[in-house]
Amino acid sequence: MPELPEVEVTKQGIEPYIQGKTVTGVNIYDGRLRWPVPKNLEKILSGQKVAQIKRRGKYLLFRMDDGHLIIHLGMTGVLRLHKPSDELKKHDRIEILFGQRVLRLHDPRKFGAVLWAGDESGEIEKHPLIAKLGVEPLSDDFNDEKAGLHLYQHAKGRQVSIKQWLLAGQAVVGVGNIYCSESLFSAGIHPQMAAGKLSLPRAEKLAVAIKDTLQRAIKAGGSSLKDFVNSEGDPGHFMLQTKVYDRAGLPCRVCQTNIKQIVQGQRSTYFCPKCQKR
DNA sequence: AGCTCAACCTGGCTGC
DNA sequence: TGCAGCCAGGTTGAGC
């Protein structure tokens, strides 16, 4: 479910209610996520205050008194605030109590993660899961002058397809399978082109396309999904109307050519064979 | 170092 | 209706 925009909207949705609040308890209903949830998480977190929530790529980093709580939503994770009395739903895996509010992770496929990184293990930026991540697409490090050049230099010499290169997240984080297809369409780049063939002008165009796609998705999510505090509602799918994703066989919204679907690196890619050039 | 691929897990949809 | 097979928003880690 969640690519960067979904994670960002989640962050913005829960932060006002959680920031400055103290953990009063933790319940683990099924801790067998991507990695086992630490069994002693309740002991670790109880009494600690949330100073701030940051997002790095698709990771949410809760700055606590003695370290960071790391949460990743995986493929199907949803974080929402509830009242403790709200009925548990199937696939609610873990909850963190803040007095009369409770943060629940609902994750059917269990690809999400809830981990603890204490300060003794170093700065959170050096954490093994965080350290290798690419540049933040919406940060100053990816502004107009630097962004295209950064992509161009990172892609140089790579034989892998530009779709797989972009999705891998080593150059830029947060571009998941949906917005990867969308961004390449927007930049007019064929997904099977070798990453190393990316010219500087096209890299600049791609950088703009990525930022624009993600920003618009965040806006769409922010408007369609303000309600992070109640139990109702399914915050799962709030996608923009897609240009190519999941539109195999349908006419391109620009040129009417049929959208094609292919598989790259075990993932589906959608593109317009006419609008997108190698 | 770069790249490919299997694996983690559950549910929903398609087609027989 | 039942069931097998395939697909799904992410990421790591093994192996070449």
Side-chain angles (χ1 to χ4, degrees), chain A residues 1-11 29-37 55-61 70-79 89-94 105-115 127-134 137 153-185 191-198 210 213-214 216-218 220-221 224-225 234-249 261-270:
Chain A
M1 209 161 301
E3 298 189 24
L4 182 147
E6 288 81 350
V7 179
E8 177 63 25
V9 171
T10 297
K11 184 207 146 201
Y29 301 108
D30 188 344
R32 295 170 299 173
L33 305 184
R34 186 75 167 71
W35 296 280
V37 177
R55 180 190 55 71
R56 181 74 178 91
K58 297 167 195 165
Y59 289 90
L60 288 171
L61 308 172
I70 303 174
I71 296 185
H72 194 289
L73 303 180
M75 291 271 247
T76 53
V78 175
L79 262 188
K89 283 194 268 183
K90 193 178 179 183
H91 307 313
D92 283 346
R93 305 303 185 189
I94 176 171
L105 174 65
H106 179 86
D107 184 12
R109 284 178 74 180
K110 300 201 276 193
F111 287 161
V114 177
L115 298 170
H127 189 281
L129 291 174
I130 307 298
K132 298 172 292 190
L133 298 177
Q153 286 173 341
H154 193 281
K156 217 170 193 174
R158 308 274 174 142
Q159 301 298 307
V160 73
S161 74
I162 194 159
K163 155 73 190 305
Q164 287 168 274
W165 166 78
L166 185 55
L167 187 59
Q170 311 240 295
V172 205
V173 286
V175 186
N177 205 39
I178 296 175
Y179 299 127
C180 191
S181 279
E182 294 298 306
S183 299
L184 289 172
F185 173 82
Q192 286 175 313
M193 185 181 88
K197 275 191 62 188
L198 188 67
I210 290 167
T213 302
L214 296 179
R216 284 173 44 228
I218 290 170
S224 70
L225 232 191
D234 171 20
H237 257 307
F238 62 96
M239 242 181 332
L240 287 173
Q241 185 191 55
T242 61
K243 297 270 181 25
V244 288
Y245 185 83
D246 205 21
R247 299 196 72 242
Q261 177 182 11
I262 57 174
V263 174
Q264 294 179 286
Q266 319 171 89
R267 312 293 299 278
S268 279
T269 303
Y270 300 83

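The chains referred to below are lettered A, B, ... by the order of the sequence lines, with proteins before strands, and numbering in each begins at 1. For clarity, every value in this text was computed on a predicted model and none was experimentally measured.
Taking side-chain N and O atoms only, R267(A) has a distance below 4.0 Å to OP1 or OP2 of dG10(C). An OP1 or OP2 oxygen of dG11(B) is reached within less than 4.0 angstrom by a side-chain nitrogen or oxygen of H91(A). For T76(A), no side-chain nitrogen or oxygen approaches OP1 or OP2 of dG10(C) to under 4.0 Å. OP1 or OP2 of dT4(B) sits under 4.0 Å from a side-chain N or O of Q164(A).
dC3(B) and dG15(C) make up a base pair, with Watson-Crick or G-U wobble contacts both under 3.5 Å.
The distance from atom CG of N177(A) to atom C1' of dC7(C) is 12 Å, rounded to the nearest whole Å. Taking atom CG of D92(A) as the reference point, atom C1' of dT10(B) lies 15 Å away to the nearest angstrom. As a whole-Å value, the separation of K163(A) NZ from dG9(C) C1' is 11 Å. The CH2 atom of W165(A) sits 15 Å away from the P atom of dT4(B) (whole-angstrom rounding). For the pair Q170(A) CD and dG13(C) C1', the computed distance is 13 Å after rounding to whole Å. Protein atom CH2 of W35(A) is 10 Å distant from nucleotide atom C1' of dG13(C), rounded to whole Å. dG10(C) atom C1' lies 14 Å from atom CD1 of I130(A), rounded to whole Å. To the nearest angstrom, P of dC6(C) lies 15 Å from CD of Q261(A).
Among the heavy atoms of the strands, none lies under 4.0 Å from L73(A). Here K132(A) lies out of heavy-atom contact (under 4.0 Å) with every strand. R32(A) comes within 4.0 angstrom of no nucleic acid atom, judged by non-hydrogen atoms across all strands.
Comparing dC3(B), dG10(C), dG11(B) by their closest approach to the side chain of K58(A) singles out dG10(C). Of the listed nucleotides (dA8(C), dG2(B), dT11(C)), dG2(B) has the atom at the smallest distance from the side chain of R158(A). You'll find that the side chain of K110(A) is closest to dC9(B), out of dC9(B), dG10(C), dA8(C). For R93(A), whose side chain is taken as the heavy atoms from C-beta onward, the closest listed nucleotide among dT10(B), dA8(C), dT11(C) is dT10(B). In the set dC8(B), dG11(B), dG9(C), the nucleotide with an atom closest to the side chain of F111(A) is dC8(B). Distance from the side chain of Q159(A) is smallest for dC3(B) among the nucleotides dT10(B), dC3(B), dT4(B). Taking only side-chain atoms of Y59(A), from C-beta outward, the nucleotide of dT12(C), dA8(C), dT10(B) with the closest atom is dT12(C).
The shortest distance between side-chain heavy atoms of F111(A) and T76(A) does not fall below 4.5 Å. Inter-residue side-chain proximity for I218(A) and L4(A) is flagged as met; some heavy-atom pair is nearer than 4.5 Å. Taking the side chain as every heavy atom from C-beta outward, K58(A) and L73(A) never approach each other to under 4.5 Å. Y59(A) places a side-chain heavy atom less than 4.5 Å from the side chain of L133(A).
No hydrogens or angles were tested; on distance alone, a donor-acceptor pair under 3.5 Å links the side chain of R109(A) to the base of dA8(C).
Nucleotides dC7(C) and dC5(B) are separated by 15 Å at their P atoms, to the nearest Å.
Of the candidates Q192(A), Q264(A), R158(A), Q264(A) is the only one forming a side-chain contact (heavy atoms from CB on, under 4.5 Å) with Q164(A). The side-chain contact (heavy atoms from CB on, under 4.5 Å) test with P137(A) is passed by exactly one of T213(A), V172(A), V175(A): V172(A).
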